[in-house]
Trainee: 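Quick one: the structure is below, questions incoming.
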Amino acid sequence: MPKEGFVNSITRQSEDFPGWYNDVVLKGELADYSPVRGCMIIRPYGYAIWESMQRELDAYIKATGHDNVYFPLFVPKSLLEKEAEHVEGFNPQVAWVTHAGGKPLDEWLAIRPTSEAIIADSVKDWIQSYRDLPLKMNIWNNVVRWELRTRLFLRTTEFLWQEAHTFHATKQEAEEEVATGLEGYRQVSEEWLAIPVIEGRKTDSEKFPGADFTWCIEAMMRDKKALQAGTSHMLGQNFARAADIEFLDTDNVRKHPFGTSWGFSTRMVGATIMAHGDDSGLVLPPNVAPVQVVIVPIFRKDEEKAAVAEAIDKFQAALAETPEGKAVRVKVDWRDDSPGFKYNHWELRGVPFRLEIGPRDVAAGQGMLVKRVDRSKEPVPLMQLAAELPARLRTYQAELLQRARDFQAENTHKVDTYQELKDGMEAEGGFYMAPWCGDAKCEKQVNEETGITIRCIPFDSPAEAGKCIVCDGPSERRVLFARAY
RNA sequence: CGGGGUGUGGCCUAGUUGGUAAGGCGCGUGCUUUGGGAGCACGAGAUCGUGGGUUCGAGUCCCGCCACCCCGACCA
């Protein structure tokens, strides 16, 4: 437990969740504030976590047939304005370049809030025939959205993400692509970040400006609030029409292709923090942890130090004997600090396993293995551990996912009336599955009166005749209500 | 943009009726240490968020601005 008044002590999660979050991000050295309002500096440890999920998602994107590309940061005003709903939706958040080279520009340039507009315009010459389709591209880039209120990783003025943009000959193929994008996000969230998600469709009022519909994954944080973890949009022919993209189909008729776009951002670093962390700091899933095992040597005299060093060397050599073992990210902390200091240091940073090796362990040919998530300690023979470590990391990863699933399940409730929703949210927060008629007016009323939003219409919500909690109108299925980030 | 709060070495804080900035942590060097945030000694480090104003004199009083945090509206 952190000592009272210790300089690096962090706010308790239960006392002040946002305060806890900030402490973890700043003191865990994931990110820092920047001289620019609302923007963040991602530090090495935080960036390593981003790179890990980025690599994983990039592999999925490539495996599903998308090529990485790059389009400009600047979007001419006229292009951004072509799709009416799109402009209207994004205008309040766009940063404009109005001057350059010491002179006012003839045409303002938007700093991309997203790239649909410039991509649609750019590809119109590439798509002539059905033979040019599908066109499946992906960009890793930064975008800027002028946010009123920012939070490190969760919502920053500039953020890093990936945007996939695809064009298809048929509506059906585009719809399948929307599912492909969402599935990638589900896989990375659940299998890589150990964050269980609820897949569903956004209500019309929550969909992407310019899309026909938006699919999303929603995740529960440890304060029981929801976080939108990724979105996949069916753009229909909206942008193709606006940009005049046409192709000649097999039936010799000129048609607009169907588009999709999907994005996944640095917000997911924040999701990982908030989905697993505890009062001691981060709890990272092994797959994303920049350091998976930290070895803390313990010794008094030089002879002891030498013996401990030898045991560590042998352990690492044994670990490196298999390809799987070699891939384990191990760090030996030889710094000239006390063991207790190092324990706290690495716990704050969420390292899954700590291996303490001292003179007593060397004598017994073992090490003391401590699991970050529950602080359980277990003496393990070092040679055995070298063989088992990859499997233990997999088990840890699976346990973390299960723990998050259990937490989500425990805090998800079925309610049938508006009053139950309000009372439940007031009393304990969480996710609420409740009947809704589908009318935006009812959705808006709940939001205005309580701040609760419909996160999505979950795909696995079974057909169930019911009465809308607001208007008593007929409801076909329950939808997910929650407070959200 | 509205409501609330905070700004003093890297971090946490003290600073009296206004008198020229103090302590702890951290940092550097040396020695002693090391199984849950080690000890001693010496040392470096501050235009008190910022711009004005009042005053002989401002960290302190007054006004403006900025940044950050919390709550709300906008949103990945």
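Residue numbers start from 1 in every chain, and the chains themselves are labelled A, B, ... in the order their sequence lines are given, proteins ahead of strands.
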Trainee: Got a donor-acceptor pair under 3.5 Å from the side chain of A:Glu347 to the base of B:G36?
Mentor: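 Pair found.
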Trainee: For A:Pro92, which contact category applies under a 4.0 Å heavy-atom criterion: base, sugar-phosphate, or nothing?
Mentor: nothing
Trainee: Distance check, P atoms only: B:G23 and B:G30, in whole angstrom units.
Mentor: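 Per the computed distance, 25 Å lies between those P atoms.
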Trainee: Tell me whether the side-chain N or O atoms of A:Ser265 pair up with the base of B:A76 as donor and acceptor below 3.5 Å, since no angle test is needed here.
Mentor: yes
Trainee: Using the C1' atom as the point on both nucleotides, what is the distance between B:G10 and B:C71, in whole Å?
Mentor: 31 Å
Trainee: Provide, to the nearest angstrom, the distance between the OH atom belonging to A:Tyr33 and the P atom belonging to B:U6.
Mentor: 17 Å
Trainee: How is A:Asp337 classified with respect to the nucleic acid when contacts are heavy atoms under 4.0 Å: base, sugar-phosphate, or nothing?
Mentor: base
Trainee: Checking A:Lys225 against A:Tyr485: charged group under 6.0 Å from the ring centre and within 45 degrees of the axis?
Mentor: yes
Trainee: At under 4.0 Å between heavy atoms, what does A:Gln93 touch on the DNA or RNA strands: base, sugar-phosphate, or nothing?
Mentor: sugar-phosphate
Trainee: Give me the stems containing RNA chain B, sorted by first residue, counting only three or more consecutive Watson-Crick or G-U pairs with both distances under 3.5 Å; say none if there aren't any.
Mentor: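 Counting only runs of 3 or more consecutive pairs, the stems involving RNA chain B are B:1-7 with B:66-72, B:10-13 with B:22-25, B:27-32 with B:38-43, B:49-53 with B:61-65.
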Trainee: In this structure, how many angstroms lie between the P atom of B:U34 and the CH2 atom of A:Trp334, rounded?
Mentor: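 Between P of B:U34 and CH2 of A:Trp334: 15 Å.
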Trainee: When rounded to the nearest Å, what value does the distance between C1' atoms of B:G52 and B:C11 take?
Mentor: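 Taking atom C1' in both B:G52 and B:C11, they lie 31 Å apart.
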Trainee: Can you check the A:Leu160 CG to B:A76 P distance for me, whole Å?
Mentor: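 Checked: the CG to P distance equals 17 Å.
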Trainee: P atom, B:C27 versus B:U55: distance in rounded Å?
Mentor: 47 Å
Trainee: Whether the side chain of A:Lys377 and the base of B:G35 hold a donor-acceptor pair under 3.5 Å is what I'd like checked.
Mentor: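 Side chain to base: no pair present.
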Trainee: Using the C1' atom in both, what is the distance from B:G39 to B:C25, to the nearest Å?
Mentor: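 Going atom to atom, C1' in each nucleotide, I get 15 Å.
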Trainee: Which part of the nucleic acid does A:Arg335 contact within heavy-atom distance under 4.0 Å: base, sugar-phosphate only, or nothing?
Mentor: nothing
Trainee: Could you please name the option among B:G35, B:A76, B:A38 that lies closest to any side-chain atom of A:Phe159?
Mentor: B:A76
Trainee: In whole angstroms, how far is the C1' atom of B:C68 from the CE atom of A:Met40?
Mentor: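 Distance check: A:Met40 CE to B:C68 C1' gives 14 Å.
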Trainee: Check the distance between B:C25's C1' and A:His345's NE2 and give it to me in whole angstrom.
Mentor: 16 Å
Trainee: On the 0 to 90° scale, with breaks at 30° and 60°, tag the A:Tyr185-A:Trp262 ring pair as parallel, tilted or perpendicular.
Mentor: perpendicular
Trainee: How close or far is atom C1' of B:A73 from atom CD of A:Glu449, stated in whole angstroms?
Mentor: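 One finds 16 Å between C1' of B:A73 and CD of A:Glu449, rounded.
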Trainee: If you look at every strand shown and take non-hydrogen atoms under 4.0 Å, does A:Glu147 touch a base, only sugar-phosphate, or nothing?
Mentor: base
Trainee: Pick the P atom in B:C40 and in B:A46, then give their distance to the nearest Å.
Mentor: 25 Å
Trainee: Test the A:Lys62-A:Tyr60 pair against the cation-pi criterion, namely NZ or CZ under 6.0 angstrom from the six-membered ring centroid and within 45° of the ring axis.
Mentor: no
Trainee: Taking any heavy-atom pair under 4.0 Å as a contact, classify A:Leu154: base, sugar-phosphate, or nothing.
Mentor: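 Result for A:Leu154 = base.
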Trainee: Considering only heavy atoms, which members of residues 290-300 of chain A lie under 4.0 Å from some atom of RNA chain B?
Mentor: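 Within residues 290-300 of chain A, the residues near RNA chain B are A:Ile298, A:Phe299, A:Arg300.
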Trainee: Kindly indicate whether a cation-pi arrangement holds for A:Arg145 with A:Phe90, taking the cut-offs as under 6.0 Å to the six-membered ring centre and within 45° of the axis.
Mentor: no
Trainee: So A:Gly263, base contact, sugar-phosphate only, or nothing? Heavy-atom distance under 4.0 Å.
Mentor: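 If one applies the 4.0 Å heavy-atom cut-off, A:Gly263 turns out to touch nothing in the nucleic acid.
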Trainee: Looking at every strand, decide which applies to A:Ser232 at a 4.0 Å heavy-atom threshold: base, sugar-phosphate, or nothing.
Mentor: nothing
Trainee: Provide, to the nearest angstrom, the distance between the NZ atom belonging to A:Lys27 and the P atom belonging to B:G37.
Mentor: 19 Å
Trainee: Which whole-number value in Å describes the distance from A:Lys342 NZ to B:G37 P?
Mentor: 14 Å
Trainee: Mind checking A:Met268 for me? I need base, sugar-phosphate or nothing, with any heavy atom below 4.0 Å counting as a touch.
Mentor: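 The answer is nothing, as A:Met268 stays clear of every strand by at least 4.0 Å.
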Trainee: Counting the atoms with a prime plus P, OP1 and OP2 as sugar-phosphate, which does A:Gly38 contact under 4.0 Å by heavy atoms, base, sugar-phosphate, or nothing?
Mentor: sugar-phosphate
